[in-house]
Structure formats: C-alpha cells, structure tokens
Asks: 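One structure is given below, represented as structure tokens, and several questions about it will come after.
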Amino acid sequence: MSLMDALQEEWRTRAIMQQQFPMLTTSGISDSDVTIHSHFLSYLAALSQPLGYSGVVECPLISLGDKTWAQLGDVRPDMVWFDKGRNLPVAAFEFERFETQREAKLREKVENLVIAYWQSQQRLTAAVLIYWARSGVSSKMIRETTFGYRTDFVRSGVRVTAVSCPLYIFKCTWRSVAGGLVVSDILLVQSP
C-alpha cells in the first residue's frame with residue numbers, strides 16, 4: 001500500500017488515532033495556544049511507525065555546505081517521515097490552522113514544502129499540507145493560497161523554482177465536545 005493510500009485509510013477509520021490519541025477522537029483538547037498543533041504533530045510522529053517510517057518533528061533538511069538554502073533562514077517542515085532502511089526523507093508535512101485574513105501563513109507553509117523538497121536534494125516523494133478549521137473552508141480558496149507550489153517564488157532574495165514532487169492537501173475539521181475539540185474529518189481536497 002502506498003504512503004498516500006495508507007494515510008487516507010487511517011484518516012477514514014482513525015483507528016490508530018483512536019487507539020493512541022483518544023483525546024483527538026473522544027475526550028477532546030482545548031483550542032488554546034498551540035495545543036491542537038502539538039497534539040496533531042505527536043499523532044503524525046506516532047502514525048509514521050506502524051506505516052513503516054520514522055517521523056521527526058520540525059526537522060530541517062538543509063544540505064550541509066549548501067549556502068543558497070541557508071540564506072532562506074530556518075525552514076523546518078512540521079513533520080518529516082524518513083525511510084527507515086535508507087535513512088532518507090520521503091515525505092514532508094505542514095499542519096496549519098486556516099483563518100480568513102491570514103492566508104499568508106498558509107502560503108508560507110506551502111513554500112516551506114517546496115524549499116524542503118530542494119533541501120532534501122529532491123528526495124521527497126510527497127509533500128502534504130493539512131489545514132485545519134472548526135468548519136468547512138472553500139477548496140477554491142485553498143487552491144489560490146497554494147498557487148506558489150506550482151510556480152517560482154522569491155524568498156529572502158533567493159529564487160525558488162517550482163517542483164514536480166506531488167502536493168497533497170487535506171482538510172482537517174474539528175467539532176466541539178464537552179472536553180474541547182475532537183477531529184471530525186480529515187479529507188483529501190487536492191491531489192496531483
């Protein structure tokens with residue numbers, strides 16, 4: 001089963017999430033500061049294991065000695081999954097709250113995935129953006145926000161070219177329960 005098929009199956013059933021992180025499916029967590037971000041990244045790291053990968057939180061992929069990428073500053077995808085046998089990165093993830101009027105933050109996350117691809121020496125086979133909200137967000141708005149993935153852009157004076165690595169975008173919606181928020185759905189909204 002491919003990495004994307006395995007992710008979609010887990011996010012359809014949420015079996016591992018329920019088993020290892022019941023606060024995300026049943027009891028709920030508070031929507032304060034970065035609580036949701038921390039819980040979800042912990043879940044992604046744990047999820048990597050049964051799917052055959054090693055998940056590392058906020059992992060820089062910068063090639064040693066490559067000063068061009070160093071000029072871009074500190075670019076660390078929220079999560080990177082590594083092939084255990086070859087110790088090479090295969091997928092990078094960004095998890096970000098979607099808020100109207102703050103689309104620039106989501107755009108930056110998409111650009112980080114492009115930069116991560118180049119910093120990984122073109123080893124990534126998948127880039128995954130998961131945006132979360134308490135209610136639905138138009139997929140058209142997300143497509144416009146992620147336009148930078150398919151076109152060149154400039155950051156810190158460095159021209160970053162578009163990549164061929166597939167970008168998968170998932171929408172993660174949350175609903176209220178007595179203990180806070182729980183994951184309602186994680187749906188694929190864009191694939192290559």
Asks: Is Ile16 linked to Leu24 within one hydrophobic cluster, defined over Ile, Leu, Val, Met, Phe, Trp and Tyr using a side-chain heavy-atom separation of less than 4.5 Å?
Replies: yes
Asks: Test of understanding: clusters of I, L, V, M, F, W, Y form through side-chain heavy atoms closer than 4.5 Å, transitively. Do Leu187 and Leu47 belong to the same one?
Replies: no
Asks: May I ask you to list the residues sharing a hydrophobic cluster with Val177, side-chain cutoff 4.5 Å, ordered by chain and number?
Replies: Val182
Asks: Are Arg155 and Asn112 linked by a side-chain donor-acceptor pair shorter than 3.5 Å?
Replies: yes
Asks: Would you call Phe153 and Val114 a side-chain contact if the rule is heavy atoms closer than 4.5 Å?
Replies: yes
Asks: In Å, rounded to the nearest 0.5 Å, how long is the span from CD of Gln8 to OG1 of Thr13?
Replies: 12.0 Å
Asks: Kindly write out the residues that satisfy side-chain hydrogen bond (donor to acceptor under 3.5 Å, both in side chains) with Thr25, not counting sequence neighbours, or none if the list is empty.
Replies: Gln18
Asks: Is any side-chain heavy atom of Phe82 less than 4.5 Å from a side-chain heavy atom of Leu88?
Replies: no
Asks: Under the ring-ring contact (aromatic ring centres under 6.0 Å, His included) test, which residues partner Phe40, sequence neighbours left out?
Replies: Tyr43, Phe95
Asks: So if you build clusters from Ile, Leu, Val, Met, Phe, Trp, Tyr with side-chain heavy-atom gaps below 4.5 Å, do Tyr117 and Val158 land together?
Replies: yes
Asks: Out of curiosity, does Met79 fall in the hydrophobic cluster containing Leu188 (side-chain heavy atoms, cut-off under 4.5 Å, transitive links)?
Replies: yes
Asks: Apply the test side chain to side chain contact (heavy atoms under 4.5 Å, CB included) to residues Tyr131 and Arg97: give CA-CA distance (whole Å), side-chain angles for both, the deciding distance (0.1 Å), then the verdict.
Replies: CA-CA 5 Å; Tyr131 70 91; Arg97 180 181 204 144; over 6 Å; no
Asks: Go through the structure and list residues passing side chain to side chain contact (heavy atoms under 4.5 Å, CB included) with Glu96, not counting sequence neighbours.
Replies: Lys105, Leu106, Lys109
Asks: Going by heavy atoms in the side chains, are Val90 and Leu124 under 4.5 Å from each other?
Replies: no
Asks: So which pairs with a foot in residues 10-21 pass salt bridge (Lys or Arg N to Asp or Glu O under 4.0 Å), sequence neighbours left out?
Replies: Glu9-Arg12
Asks: Only counting residues at least two apart or in another chain, list the ones meeting salt bridge (Lys or Arg N to Asp or Glu O under 4.0 Å) with Asp185.
Replies: none
Asks: What is the distance from atom CG of Asp83 to atom OG1 of Thr125, rounded to the nearest 0.5 Å?
Replies: 9.5 Å
Asks: Just to verify, what does Ser176 make a side-chain hydrogen bond (donor to acceptor under 3.5 Å, both in side chains) with, not counting sequence neighbours?
Replies: Arg134
Asks: Taking the side chain as everything from C-beta on, heavy atoms only, tell me whether Asp152 gets closer than 4.5 Å to Arg159.
Replies: yes
Asks: Taking C-beta and beyond as the side chain, do Leu51 and Trp81 meet within less than 4.5 Å on heavy atoms?
Replies: yes
Asks: Judged by modelled atom types alone, do Gln190 and Lys171 share a side-chain donor-acceptor pair under 3.5 Å?
Replies: no
Asks: Apply ring-ring contact (aromatic ring centres under 6.0 Å, His included) to Tyr168 and list each qualifying residue two or more places apart in sequence or on a separate chain.
Replies: none
Asks: Mind jotting down which residue pairs meet the ring pair (Phe, Tyr, Trp, His ring centres under 6.0 Å) criterion with at least one end in residues 171-192? Sequence neighbours excluded, please.
Replies: Trp132-Trp174
Asks: Could you check Ile130 against Phe93 for side chain to side chain contact (heavy atoms under 4.5 Å, CB included), going step by step and ending with a plain yes or no?
Replies: CA-CA 7 Å; Ile130 307 162; Phe93 297 79; 4.3 Å; yes
Asks: Are Ile36 and His39 close enough that some pair of their side-chain heavy atoms sits under 4.5 Å apart?
Replies: no
Asks: For residues 37-51, which residue pairs qualify under salt bridge (Lys or Arg N to Asp or Glu O under 4.0 Å), counting only residues two or more places apart or in two chains?
Replies: none
Asks: Partners of Ser32 by side chain to side chain contact (heavy atoms under 4.5 Å, CB included), sequence neighbours excluded?
Replies: Ser30, Thr35
Asks: How about Val75 and Glu111: do any of their side-chain heavy atoms sit closer than 4.5 Å?
Replies: no
Asks: Throw together a table of side-chain donor-acceptor distances under 3.5 angstrom for residues 53-61, partners on residues two or more places apart or in other chains.
Replies:
unit_1	atom_1	unit_2	atom_2	d
Glu58	OE1	Arg76	NH1	3.2

